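Shown next, in structure tokens, is the structure this report addresses.
Quick caveat, the model's predicted, so the values are computed rather than measured.
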Amino acid sequence: MSVPQHLRYTWDHEWLVVDKGNATVGITAFAADALGDVVHLRLPEIGTHVEAGESCGEIRSPTAVSDLYAPASGEVLEVNTALADDPGAVNASPYTVGWLFKLRVENIAGALSADAYAAYCAHTQGDRR
């Protein structure tokens, strides 16, 4: 399983990277693999405020609908509109072209390091709930 070291992670399998107070957000390869083929995304709208740990969208596969949780609190600045035509990019490249949205970060609560996230996935098979 790929767990890039420069990213931060959540218990709910989202990742984020912060640069100058703004974060790019996506789901992890672990989550993408568990979901199967992503066929549709409902992402937060630009300008909305999201709260860390709260649901802010949905990810659909042929067999499941999963909530998308905000890994940080802040205002949504941008969404990856290319995913409307190619939601499978989330599966193919979850850490690059498959990013989901960007936000102006107000608060990050409980983000995990890459090593802590990898250990979590290995020991719990990723099912915290």
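Note on Tyr95 and Leu43: separate hydrophobic clusters, where clusters join Ile, Leu, Val, Met, Phe, Trp and Tyr whose side-chain heavy atoms are under 4.5 Å apart, directly or indirectly. A continuous path of ILVMFWY side-chain contacts below 4.5 Å connects Leu112 to Phe30, so both sit in one hydrophobic cluster. Both Ile108 and Leu68 are members of a single hydrophobic cluster when ILVMFWY side chains are connected at heavy-atom separations under 4.5 Å. One hydrophobic cluster, built from ILVMFWY side chains closer than 4.5 Å, holds both Val25 and Leu83.
Remark: Asn91 CG to Asp33 CG distance equals 7.5 Å, nearest 0.5 Å.
In this structure, Ala34 has no side chain to side chain contact (heavy atoms under 4.5 Å, CB included) partners at least two apart in sequence or on a different chain. For Ala70, the side chain to side chain contact (heavy atoms under 4.5 Å, CB included) test picks out Val50, Cys56, with sequence neighbours left out. Every residue two or more places apart in sequence or in another chain was checked for a ring-ring contact (aromatic ring centres under 6.0 Å, His included) with Phe101, and none qualifies. Scanning for side chain to side chain contact (heavy atoms under 4.5 Å, CB included) contacts around Val97 gives Ala89, Ser93, with sequence neighbours left out. For Ala114, the side chain to side chain contact (heavy atoms under 4.5 Å, CB included) partners at least two apart in sequence or on another chain are Val3, Gln5, Tyr9.
Put simply, the side chain of Asp37 never gets that close to the backbone of Ser61: no donor and acceptor are under 3.5 Å apart. Under a 3.5 Å cut-off, the side chain of Trp15 and the backbone N or O of Ile27 do form a donor-acceptor pair. Formation of a donor-acceptor pair under 3.5 Å by the Tyr117 side chain with backbone atoms of Thr10 is not found in this model. At least one donor-acceptor pair closer than 3.5 Å links the side chain of Glu14 to the backbone N or O of Tyr69. In this structure a side-chain-to-backbone donor-acceptor pair under 3.5 Å is present from Ser73 to Ala52.
Ile46 has its side chain out of reach of Leu77: every pair of non-hydrogen atoms, C-beta onward, lies at least 4.5 Å apart. Side-chain contact check for Val18 versus Leu16: some heavy-atom pair is nearer than 4.5 Å. Taking the side chain as every heavy atom from C-beta outward, Arg8 and Ser113 approach each other to under 4.5 Å. Two residues are said to be in side-chain contact when any heavy atoms from C-beta on lie closer than 4.5 Å; Asn22 and Asp19 fail this criterion. You'll find the side chain of Leu35 reaches within 4.5 Å of the side chain of Ile59, heavy atoms only. At a threshold of 4.5 Å between non-hydrogen side-chain atoms, the residues Leu100 and Val90 count as touching. Contact check for Val38 versus Pro87: side-chain heavy atoms found under the 4.5 Å cut-off.
Sorted by first then second residue, the side-chain hydrogen bond (donor to acceptor under 3.5 Å, both in side chains) pairs that include residues 39-49, not counting sequence neighbours, are His49-Glu51, His49-Glu106. Residue pairs satisfying the salt bridge (charged side-chain N to carboxylate O under 4.0 Å, His left out) criterion with at least one member in residues 65-77, sequence neighbours excluded, are listed as follows: Glu75-Arg104.
Between Ala23 and Val105, the closest heavy-atom pair is CB-CG2, 3.4 Å. A pairwise comparison of heavy atoms in Gly98 and Asn80 identifies C-ND2, 4.3 Å as the closest pair.
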Fill in: Full working for ring pair (Phe, Tyr, Trp, His ring centres under 6.0 Å) between His13 and Tyr120
CA-CA 10 Å; His13 308 288; Tyr120 166 64; 5.8 Å; yes

